Student: 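Let me give you the structure first, and then I'll get to my questions.
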Amino acid sequence: MISEKVRVRYAPSPTGYLHIGGARSALFNYLYAKKYNGDFVFRIEDTDIERNIPGAEESQLNDLIWLGIIPDESTEKPNPLYGPYRQTEKLDIYKQYAQKLIDMGVAYECYCTEDELAQMKEEQLANGVKSFKYDRHCLNLTEEEKEKYRKEGRKPTIRIKMSENHVFKFNDLVRGEISFNSNDIGDFVIMKSNGIPTYNFAVVIDDHLMKITHVLRGEEHLSNTPKQLQIYEYFGWEPPKFGHMTIIVNPNGKKLSKRDHNILQFMSQYRDLGYVPEAIFNFLFLLGWTSDDNREIFTKEEAIQAFDPSRLSSSPSMFDNKRLLWTNQYYVKHMDNDKYFEFILPFVKKAKLPKSYSDKELKSISLIFKNEIETGSQITDMLNDIFVEKEKLNEEEEQILNSESAKVVIPAFKEKLSKLEIIDQEHVKFLFKEIQKETGFKGKDLYMPIRIKITGAMHGIEMFNIIDILGKDETISRL
RNA sequence: GCUCUGUUGGAGAAGCGGCUUAACUCAACGCCCUCUCAAGGCGUCAUUCACGGGUUCGAAUCCCGUACAGAGUACCA
């Protein structure tokens, strides 16, 4: 057999923006494709027309690209051999394949209504049947019976007929051998009454038509796999290799849900807060995957090189925000300065600057914070802490301002500063030394009163830098 | 309930039958540096791998049970 080109996909439903779980799925599929010189396909599974939201598809794609996960084929960059890339655009294709299954006698029209189905479920439950399976009420309907239902205005769904006592076995890329018995699975719907395929049917058709070779997806799809394998089997198609990744859980041990507000869910939120895409890439990469050589920091290329799906964890991973912060801080700290400026300047400009600074000044201000911040937006807050004068001091701060040293040190500093020609780190530093020599106050006694007087707080970046940023006039006006 | 999948420290985890008195990273804590906050440096943090049996000369590692957790059980994906 000729070795096929690896083709993988990320196939979100456009019911929301790109979130952490989706990004991680996409990431691992992307890595797999690139590792084996394959193609990464972006396709849209929009069969749930009620829940689709406008803009979701676009943002999914853009955020993916922002992360550096760049599709080889997508809704924007289709390959005519494999399109369309939106399921709603190929409805008649699914219809044809569903009809084929009916003709083969392995699928059938079902005229049961949702209410009837719900009632059936209830009855089974009451009779002690714990797991609900469709009772095949419509399996052998005659043409007359169907006609009668149709006259009542019923629109049929199409259900697939599961084989009897058949074991579906497959070798999961991350979990090893897994098997399911077909008896545990009821005849499920493949075409809804509105003529739109269900997920389990559409993926199979799409993956086959798009020649997808490997599917890395969330654990929640594990129990869908036998359903899909049944369809592959009926068509006589070779299924792709599946790998089921563990889900990501929140600190309470529950699967991350889009409604979970304790954790930021969407890539756009992280971008707005000043997270670096490479850092998120790296963080996501190590969430449920580890290298065999203890490395923690990977460039995209290194990740592609190192990736091996069999090292994917099979137990759930908890999303640890502190770890993400650390990773982001690492990336900020290690950026080269030009890239750093590009990244940080928008956040600097968001601060309430007391005067207008030249680009050069803004850059030197930014640099002061390079080792200080975890995320971009933190620089805005830190600058505002300096610029926006605090109206009320706490007791301890008042005390320091009323201390013996304060009474000596502050006037001395003010006087010397007003005479100083050049305000830069070196000169201001020297000035502090002089005061120390003349007044005898040093360390805390020297710096704290001035710090509190200027910034209204006991904490912050180095004094020299604060004065440098504020400038001579502004500093003196605060003394 | 049923089906499937898991369970190593606060978190991510390594470990794949003897090299493990359980690596590495984050967090936390302590010390150093220091005007403070960070950053940086140094150090501390599981005698034990959910529990109970078994296999073996030897088990965190293999097998079986139990407990717990998660996912699925839709005309959602």
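For clarity, every value in this text was computed on a predicted model and none was experimentally measured. Chain identifiers are assigned alphabetically (A, B, ...) following the order of the sequence lines, protein sequences preceding nucleic acid strands; residue numbering begins at 1 within each chain.
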Student: Which part of the nucleic acid, if any, lies within reach of Arg217(A) when heavy atoms closer than 4.0 Å are counted: base, sugar-phosphate only, or nothing?
Tutor: nothing

Student: Which nucleotide sits closest to the side chain of Lys322(A): rG72(B), rC75(B), rA27(B)?
Tutor: rA27(B)

Student: OP1 or OP2 of rC75(B) versus the side-chain N and O atoms of Lys121(A): is any pair under 4.0 Å?
Tutor: no

Student: Does rG1(B) have a Watson-Crick or wobble partner in any strand here, with both distances under 3.5 angstrom, and which is it?
Tutor: rU73(B)

Student: Between Asn29(A) (side chain only) and Val8(A) (backbone N and O only), is there a donor and an acceptor less than 3.5 Å apart?
Tutor: no

Student: Quick one: is rA38(B) close enough that its OP1 or OP2 comes under 4.0 Å of any side-chain N or O from Lys333(A)?
Tutor: no

Student: Which nucleotide, rA27(B), rA38(B), rA71(B), lies nearest any side-chain atom of Glu372(A)?
Tutor: rA38(B)

Student: If we take the P atom in both rG10(B) and rC31(B), what is their distance in whole Å?
Tutor: 24 Å

Student: How long is the straight-line distance from CG of Leu141(A) back to CD of Glu109(A), given to the nearest 0.5 Å?
Tutor: 8.5 Å

Student: Could you check how far OH of Tyr330(A) sits from C1' of rA38(B), rounded to whole Å?
Tutor: 18 Å

Student: Among Glu45(A), His221(A), Gln87(A), whose side-chain hydrogen bond (donor to acceptor under 3.5 Å, both in side chains) with Tyr199(A) holds?
Tutor: His221(A)

Student: Which one, rA77(B), rU5(B), rG6(B), comes nearest to the side chain of Pro316(A)?
Tutor: rG6(B)

Student: Should Thr47(A) be listed as having a side-chain N or O under 4.0 Å from OP1 or OP2 of rC76(B)?
Tutor: no

Student: Give the intermediate values and the outcome of ring pair (Phe, Tyr, Trp, His ring centres under 6.0 Å) for residues His166(A) and Phe168(A).
Tutor: CA-CA 6 Å; His166(A) 182 67; Phe168(A) 293 104; 4.7 Å; yes

Student: Taking rA77(B) as the reference, what is the distance to rG72(B) when you measure between their P atoms (whole Å, please)?
Tutor: 14 Å

Student: Measure from the side-chain heavy atoms of Ser315(A) and tell me the nearest of rU7(B), rG15(B), rA77(B).
Tutor: rU7(B)

Student: Heavy atoms under 4.0 Å, any strand shown: does Asn224(A) hit a base, just sugar-phosphate, or nothing?
Tutor: base

Student: I'd like the C1' distance from rU55(B) over to rU47(B), given in whole Å.
Tutor: 25 Å

Student: Among the candidates rC76(B), rA14(B), rA39(B), find the nucleotide nearest to the side-chain atoms of Thr290(A).
Tutor: rA14(B)

Student: Considering Watson-Crick and G-U wobble pairs with both distances under 3.5 Å, what does rG18(B) pair with?
Tutor: rC57(B)

Student: Would you call the rings of Tyr10(A) and Phe42(A) parallel, tilted or perpendicular, taking 30° and 60° as the class edges?
Tutor: tilted

Student: If we take the P atom in both rG9(B) and rG1(B), what is their distance in whole Å?
Tutor: 26 Å

Student: Mind checking Glu220(A) for me? I need base, sugar-phosphate or nothing, with any heavy atom below 4.0 Å counting as a touch.
Tutor: sugar-phosphate

Student: Which one is paired to rU66(B), where only Watson-Crick or G-U wobble pairs with both distances under 3.5 angstrom count?
Tutor: rA50(B)

Student: Once you measure the plane-to-plane angle for Tyr340(A) and Phe343(A), does it fall in the parallel (<30°), tilted (30-60°) or perpendicular (>60°) bin?
Tutor: tilted

Student: For Ser179(A), answer base if it contacts any base atom (sugar-phosphate contacts may also be present), sugar-phosphate if it contacts only those atoms, and nothing otherwise; contact means non-hydrogen atoms under 4.0 Å.
Tutor: sugar-phosphate

Student: Return the nucleotide paired to rC24(B): Watson-Crick means purine N1 to pyrimidine N3 with N6-O4 or O6-N4, wobble means G-U with N1-O2 and O6-N3, both under 3.5 Å.
Tutor: rG12(B)

Student: Would you call the rings of Phe319(A) and Tyr270(A) parallel, tilted or perpendicular if under 30° counts as parallel and over 60° as perpendicular?
Tutor: tilted

Student: Generate the contact string for nucleotides 29-36 of chain B. Rules: B means base contact, S means sugar-phosphate contact only, - means no protein heavy atom under 4.0 Å.
Tutor: ------BB

Student: Side chain of Arg323(A) only, heavy atoms from C-beta on: which candidate in rA13(B), rC26(B), rC76(B) is closest?
Tutor: rC26(B)

Student: Using atom P in both nucleotides, what's the gap between rA59(B) and rC49(B) to the nearest angstrom?
Tutor: 12 Å

Student: Under 4.0 Å, counting only non-hydrogen atoms across every strand here, what does His221(A) touch: a base, just sugar-phosphate, or nothing?
Tutor: base

Student: Under a 3.5 Å distance rule, please check whether Ser313(A) uses its side chain to pair with a backbone N or O of Gly288(A) as donor and acceptor.
Tutor: no

Student: Expressed as a whole number of Å, how far does the C1' atom of rA27(B) sit from that of rC4(B)?
Tutor: 34 Å

Student: Looking at Ser317(A), does any N or O in its side chain come under 4.0 Å of the phosphate oxygens OP1/OP2 on rG12(B)?
Tutor: no

Student: Using a 4.0 Å heavy-atom cut-off across all strands, classify Thr327(A) as base, sugar-phosphate, or nothing.
Tutor: nothing

Student: Nearest of rG70(B), rU25(B), rU3(B) to any side-chain atom of Glu219(A)?
Tutor: rG70(B)

Student: For the side chain of Tyr234(A) and the backbone of Lys161(A), is there at least one donor-acceptor N/O pair under 3.5 Å apart?
Tutor: yes

Student: Counting heavy atoms from C-beta on, name the nucleotide in rA11(B), rA38(B), rG6(B) closest to the side chain of Asp320(A).
Tutor: rA11(B)

Student: Parallel, tilted or perpendicular: which one describes the rings of Phe285(A) and Phe28(A), with boundaries at 30° and 60°?
Tutor: tilted

Student: Can you tell me, in whole Å, how much space there is between the C1' of rG17(B) and that of rG54(B)?
Tutor: 16 Å

Student: Please state whether the rings of Tyr447(A) and Phe432(A) are parallel, tilted or perpendicular, taking 30° and 60° as the class boundaries.
Tutor: parallel

Student: Quick one: label Arg295(A) by what it contacts on the DNA or RNA (base, sugar-phosphate, nothing), any heavy atom closer than 4.0 Å.
Tutor: nothing

Student: Taking a pair as Watson-Crick or G-U wobble with both distances under 3.5 Å, which nucleotide is matched to rC33(B)?
Tutor: none

Student: Identify, residue by residue, the members of residues 395-411 of chain A with a heavy atom below 4.0 Å from RNA chain B, and return them in order of residue number, or none.
Tutor: none

Student: Report the relative orientation of the aromatic rings in His244(A) and Phe242(A); use parallel for angles under 30°, tilted for 30 to 60°, perpendicular for over 60°.
Tutor: parallel

Student: Applying a 3.5 Å limit to both distances, which nucleotide forms a Watson-Crick or G-U wobble pair with rA39(B)?
Tutor: none

Student: Out of rA13(B), rC76(B), rU25(B), which has the shortest distance to the side chain of Thr198(A)?
Tutor: rC76(B)

Student: Would you indicate what Gly218(A) reaches in the nucleic acid, counting non-hydrogen atoms under 4.0 angstrom: base, sugar-phosphate, or nothing?
Tutor: nothing

Student: Looking at every strand, decide which applies to Leu286(A) at a 4.0 Å heavy-atom threshold: base, sugar-phosphate, or nothing.
Tutor: sugar-phosphate

Student: Need to verify one output field. Residue with the more 5' nearest nucleotide on RNA chain B, Arg175(A) or Arg311(A)?
Tutor: Arg175(A)

Student: Can a donor-acceptor pair be found, under 3.5 Å and without considering hydrogens, that links the side chain of Asp46(A) to the backbone of Thr88(A)?
Tutor: yes

Student: Which part of the nucleic acid, if any, lies within contact of Glu45(A), taking any heavy atom under 4.0 Å across all strands shown: a base, the sugar-phosphate backbone alone, or nothing?
Tutor: sugar-phosphate

Student: Would you measure the distance from the P atom in rU66(B) across to the matching atom in rA74(B) and give it in whole Å?
Tutor: 26 Å

Student: Tell me which nucleotide among rA27(B), rC75(B), rC4(B) gets nearest to the side chain of Ile178(A).
Tutor: rC4(B)

Student: Under 4.0 Å between a side-chain N/O of Lys192(A) and OP1 or OP2 of rA74(B), yes or no?
Tutor: no

